[in-house]
Amino acid sequence: MATSKTGKISKPLKKKQIASAPAKTNKTPASGKKVAGMTPLAGKSIEIMQKNSPEAALRPEPGKSQRSGARPAQKTAAHSKGIIQKGTKKSDMARAYDPAHVETRLYKNWIENDTFVPRPSKSGKRFVVPIPPPNVTGNLHLGHAMFLTLQDLMTRFHRMLGEETLYLPGTDHAGISTQMVVEKHLAKEGKTREQLGREKFLDSAWQWKEKYRDIILDQIRRMGTSCDWSRERFTMDPGMNRAVRKVFVDLYNEGLIYRDKYLVNWCPRCKTVLSDLEVNYKEETTKMVSIRYFVKAADKSIIVSTVRPETMLGDTAVALHPDDKRYKEFHGKTLILPILNREIPIILDEAVDMNFGSGAVKVTPAHDLTDYEMYKRHHLEIISVIGKDGKMARSAGKYAGLSVEQARENITEYLRNIGNLEDIQEYVHNVARCERCDTKLEPYLSEQWFVRMRPLAEETLDQMKKEKLTFVPDRFEKVFMDWLHNVHDWCISRQLWWGHQIPAYYCDQCADIVVSEDPVQTCPKCKKGSLRQDEDVLDTWFSSALWPFSTLGWPLKTEDLQKFYPASVLETGYDIIFFWVMRMVFMSTHFMKKLPFHTVYLHGLVRDEQGRKMSKSKGIGLDPLEVIKKYGADALRLSLSVGITPGNDVRLSLGKVEGNRNFVNKLWNASRFIVLNLEKTDTVLEVETRLTKRFKNLSSPSRWILTRTQQMIQKVTDDLSQYRFGEAGTSLYEYTWGEFCDWYIEIAKTDLNDDTKDILLYCMLTMLKLWHPFIPFITEELWSSFDQPSQLIIADWPMSNKALIDAKNLEDIRLAFDLVTGIRNLRAEKNIEPHRRVPIVIFAHANTDLVKSYASIIQALAKVETLTIQKEGTLKEQSVSQNVEGMEVYMPLAGLIDLEAERKKLQAEIEQKTKFIASLERKLKNEDFLSKAPKAIIESDRARLAKEKEVLRTLKVQLEKIS
RNA sequence: GGGUGAUUAGCUCAGUUGGCUAGAGCGUUCGCUUGACGUGCGAAAGGUCACAGGUUCGAGUCCUGUAUCACCCACCA
């Protein structure tokens, strides 16, 4: 491929066919003229000398500060710290960027200038991102860093587009988690929550919250997030609480919240119920015991198998499949439960799997969900034998008080002794565990509050037909829809103290339940009973579900609510799609009659270098603050946004961050170069206007970089609009370093006139704008060094300017670049020191005039002494050669040439070329291809073929000349 | 049991609607005080795009199957 779609020149430059040589130039005339074979040894000895030179001692040790350099210079404080301050002379810009001293100052500055506060836009467009409120339980981790980076990236992009932008911050009270850490904290002082009592416990929880809220918010700021802090919310703010109460009461009145007795997931350690989503299943190998149950008054028996023999104390039936022929004679009989000798019925139920085990199932309604369902179908007895504490209950008789495990052992042993134990086998099955503390859960029969999901799900499905909800990546749409189609009721009560207390009140006289937004003292029904509020609190996610509208003042009809609901994009990790995203969607649909956002962007999970999930509880993972301290927030942000793809997990290594820190520093130095060479700094607009007028008169490289800049503007804008952050970042990176720095700055050095200075400035300012959403700190800092009006954060996003595009020129300049690389190749191959100038002869054939126009660039960048450019010709001296796009490039090296090696090199190239041409020809002779492929493809292949043939021809010519 | 994702250079990953003699960063090798930057510069080596079929003029990209890994949902004792 010649020039790529984007017109990038980097690809062709890396081609293998182009061979060797060293570096570039400056204006000083060449000094060392005698071309001599430079041996590797000679090079080494020089290196050794350098290390021992006095100057070397001044170099910074690796990993130490950047302060000293090879050329020690007097530095001001600002200088040495890598920051730019008002009144600082430009020449004082430090050699390396030091984020630590810049970030805090800039952040403060942004806030002082109210730049994070939404400002009405001319277009009326708005962009709203609700933050996923971090828990007030601890410190920022990389998961947070991830979403903060992406959300802020979008926010800053849209703010620069001129939209009225709101990034709404806040924190979550995080019920169980917070209660757990507060209890742990109290335990250190030897206190328990029971000792303290509810009120005092809540006091210390609030204290905890105050402290950690401040910490976490501060950490959020460290990432550079441009949240509107004036609108910050906490899920237990009075306003939020009001919203929660209203939602609860409304849903209750509509019959969508109910209270019922049900077998729920109980965590004996947390002492609360959990919703199905908060249960993790983990595989475990246990013993499955088979027990013989005898039929009453007969010697017939049935064998049942179980992994939980201790629950047999609560058995109230044995179930068989109605069609199971083996057990026909047992239908209608009763069995004697061993140990207790209780009489239990045999029931028939289709839930039984005939093919599993013996085909007979013990039924323990109080401790198994399937059994509980059978209990309801068959009107059985229900006996609970395990208590809230996870120990055997009083109903377990002599086993009461034992742990479940102990009881299991004892009962198994007892069954063995009485001869009812038939078999024990290893069995692998899934065990339910608490998402928070990993304790084994017990199904527990109790009265709880539930949200009736079916009607809400259907309402949501309807709404989603009217409004499009876009998922990025789109595969999550299916996951989302499947869940909606297969919902279960949501258990929302929690036996905790920290959270929104359920607004339900019970009468101590008539047992009536009053559900009310405001406290009720006396029973409205019997008029005499006093009311006591339900002690339980709501699932944390209940309040999070209201986040998109409760944060804006709902249920009040506030201006904010009108303006900023619905939000634009909800960005979060795919792991909380059901916990949070789903619930926001159906709650918002129900109460706002509009989806809460139009797009759901789901990022992957951040993992460590080994691919392990970052988890602070396990002590794995990098601390974002440490990373920021060492490499800067910008470097961290880059590492979490460039090269990533939505929905896919990211591995983060310090090496990656370091690389990005290096990039940030590169940007700093490119700016530094420009600052040092600029006499005056005009605004982007002024420069752009000037360049637009002069465009046609500009040099080819100048037109090239301007064209590429326009293309970058277009690409980055498109990519960011379509949530392709990784892609946008990658191209910008390549443009910044690989094109602007590596080529344009080097070319500009050869002729620093007013035009080139204008272009350097224009490109840099544009680049700073394009980079700003990714790396806000350094870009803002550099922006200020160019004396631009207003801050970068609120500058206008650039627009691609058609008057600054010259597409044809991209092709032309590529030749020049390829020639430079080709010559450098030759030099490197022959170990010519970079600073030594060499003579070069180019037979450029059809490109002669064009190449001549690039002579000075080639000469400068490839360090050429005398550059001879001719249409064609013969060689006077022995030379090494290189073929660049059909142009013959020779570097005379009399006496130092291994002719055989040269021949082999050319022959290899000829062979490769020949093959490639053959395959192209085959393709272009293929009737199917000619008739079915798009014309543009055929045309470009034809052109390609012609070009390649020319290259082949010249390669052969070269081979002859050398021989 | 159902579903999803991953599998591309030594490592970590890109690769938008199929047109690619397959790219980046790190690492490796060689050479550099080249006055923006050694947190740098120049050059190079390195890939049967997991495997097997298929669709297509053309497949890293689409389809089917297989393997391995990861995850999600449901949980049958």
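In what follows, chains carry the letters A, B, and so on, assigned in the order in which the sequence lines appear, proteins first and then strands, with residues in each chain numbered from 1.
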[X] side-chain proximity, nearest of [options]:
{"X": "A:K666", "options": "B:rA14, B:rA36, B:rA77", "result": "B:rA36"}
{"X": "A:D368", "options": "B:rU34, B:rC76, B:rG19", "result": "B:rC76"}
{"X": "A:Y281", "options": "B:rG15, B:rC75, B:rA77", "result": "B:rC75"}
{"X": "A:N926", "options": "B:rC57, B:rA77, B:rU21", "result": "B:rC57"}
{"X": "A:R724", "options": "B:rA36, B:rC76, B:rU16", "result": "B:rU16"}
{"X": "A:A96", "options": "B:rA36, B:rU39, B:rU34", "result": "B:rU39"}
{"X": "A:A828", "options": "B:rA43, B:rU16, B:rC73", "result": "B:rA43"}
{"X": "A:F929", "options": "B:rC57, B:rG5, B:rU16", "result": "B:rC57"}
{"X": "A:R651", "options": "B:rU12, B:rG40, B:rA77", "result": "B:rU12"}
{"X": "A:Y733", "options": "B:rU21, B:rG25, B:rC37", "result": "B:rG25"}

Given the [atom1] atoms of [N] and [M], what is the spacing between them in whole Å?
{"N": "B:rG54", "M": "B:rU61", "atom1": "P", "answer": "15 Å"}
{"N": "B:rA45", "M": "B:rG2", "atom1": "C1'", "answer": "47 Å"}
{"N": "B:rU33", "M": "B:rG42", "atom1": "P", "answer": "15 Å"}
{"N": "B:rC41", "M": "B:rG5", "atom1": "C1'", "answer": "41 Å"}
{"N": "B:rA6", "M": "B:rU66", "atom1": "C1'", "answer": "16 Å"}
{"N": "B:rU7", "M": "B:rC75", "atom1": "C1'", "answer": "29 Å"}
{"N": "B:rC51", "M": "B:rU8", "atom1": "P", "answer": "10 Å"}
{"N": "B:rG15", "M": "B:rA24", "atom1": "P", "answer": "15 Å"}

Can you tell if the side chain of [X] reaches within under 4.5 Å of the side chain of [Y], non-hydrogen atoms only?
{"X": "A:F476", "Y": "A:M481", "value": "no"}
{"X": "A:Y97", "Y": "A:R661", "value": "no"}
{"X": "A:F740", "Y": "A:M764", "value": "yes"}
{"X": "A:K715", "Y": "A:E727", "value": "yes"}

Just checking [X]: base, sugar-phosphate only, or nothing, at a heavy-atom cut-off of under 4.0 Å?
{"X": "A:D742", "result": "sugar-phosphate"}
{"X": "A:F740", "result": "nothing"}
{"X": "A:S671", "result": "nothing"}
{"X": "A:I745", "result": "base"}
{"X": "A:G643", "result": "sugar-phosphate"}

Should the side chain of [X] and the base of [N] be counted as holding a donor-acceptor pair, with the cut-off at 3.5 Å?
{"X": "A:R661", "N": "B:rU39", "result": "yes"}
{"X": "A:K749", "N": "B:rU34", "result": "no"}
{"X": "A:E734", "N": "B:rA14", "result": "no"}
{"X": "A:K656", "N": "B:rC26", "result": "no"}

Flag yes if more than 12 heavy atoms outside A:K630 fall under 6.0 Å of its NZ atom; otherwise flag no.
-> no

Would you call A:R433 and A:E278 a salt bridge, taking side-chain N to carboxylate O under 4.0 Å as the test?
-> no

N-O pairing of A:E948 and A:R944 below 4.0 Å = yes

Specify the separation, in whole Å, of atom [atom1] of [X] and atom [atom2] of [N].
{"X": "A:E658", "N": "B:rU39", "atom1": "CD", "atom2": "P", "answer": "9 Å"}
{"X": "A:K923", "N": "B:rC20", "atom1": "NZ", "atom2": "P", "answer": "8 Å"}
{"X": "A:E746", "N": "B:rC32", "atom1": "CD", "atom2": "P", "answer": "19 Å"}
{"X": "A:M93", "N": "B:rG35", "atom1": "CE", "atom2": "P", "answer": "18 Å"}
{"X": "A:N648", "N": "B:rG15", "atom1": "CG", "atom2": "C1'", "answer": "13 Å"}
{"X": "A:L720", "N": "B:rU16", "atom1": "CG", "atom2": "P", "answer": "17 Å"}
{"X": "A:L930", "N": "B:rG19", "atom1": "CG", "atom2": "C1'", "answer": "14 Å"}
{"X": "A:I576", "N": "B:rC73", "atom1": "CD1", "atom2": "P", "answer": "13 Å"}

Face-to-face contact A:F916 to B:rU21 six-ring, under 5.5 Å, under 30° | yes

For the pair A:H429 and A:Y427, name the ring-plane relationship: parallel under 30°, tilted 30 to 60°, perpendicular over 60°.
->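 Because their plane-to-plane angle lies in the 30° to 60° range, the rings of A:H429 and A:Y427 count as tilted.
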
Could you check whether the rings of A:F471 and A:F480 sit parallel, tilted or perpendicular, using 30° and 60° as the cut-offs?
-> tilted

Watson-Crick and G-U pairing of RNA chain B, under 3.5 Å, as dot-bracket with | and [ ] = (((((((..((((.....[...)))).(((((.......))))).....(((((..]....))))))))))))....

Any [X] side-chain N or O less than 4.0 Å from OP1/OP2 of [N]:
{"X": "A:R944", "N": "B:rG19", "value": "no"}
{"X": "A:S653", "N": "B:rU12", "value": "no"}
{"X": "A:Y97", "N": "B:rA36", "value": "no"}
{"X": "A:W737", "N": "B:rC41", "value": "yes"}
{"X": "A:T370", "N": "B:rA77", "value": "no"}

With nearest nucleotides of RNA chain B determined for A:Y574 and A:K932 from heavy-atom distances, which residue corresponds to the more 5′ nucleotide?
->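 Result of the comparison: A:K932.
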
From CG (A:D324) to CG (A:D353), nearest 0.5 Å |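 So the gap between those two atoms works out to 10.0 Å.
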
Does A:K666 make a cation-pi contact with A:Y733, if we ask for NZ or CZ under 6.0 Å from the ring centre and within 45° of the axis?
-> no

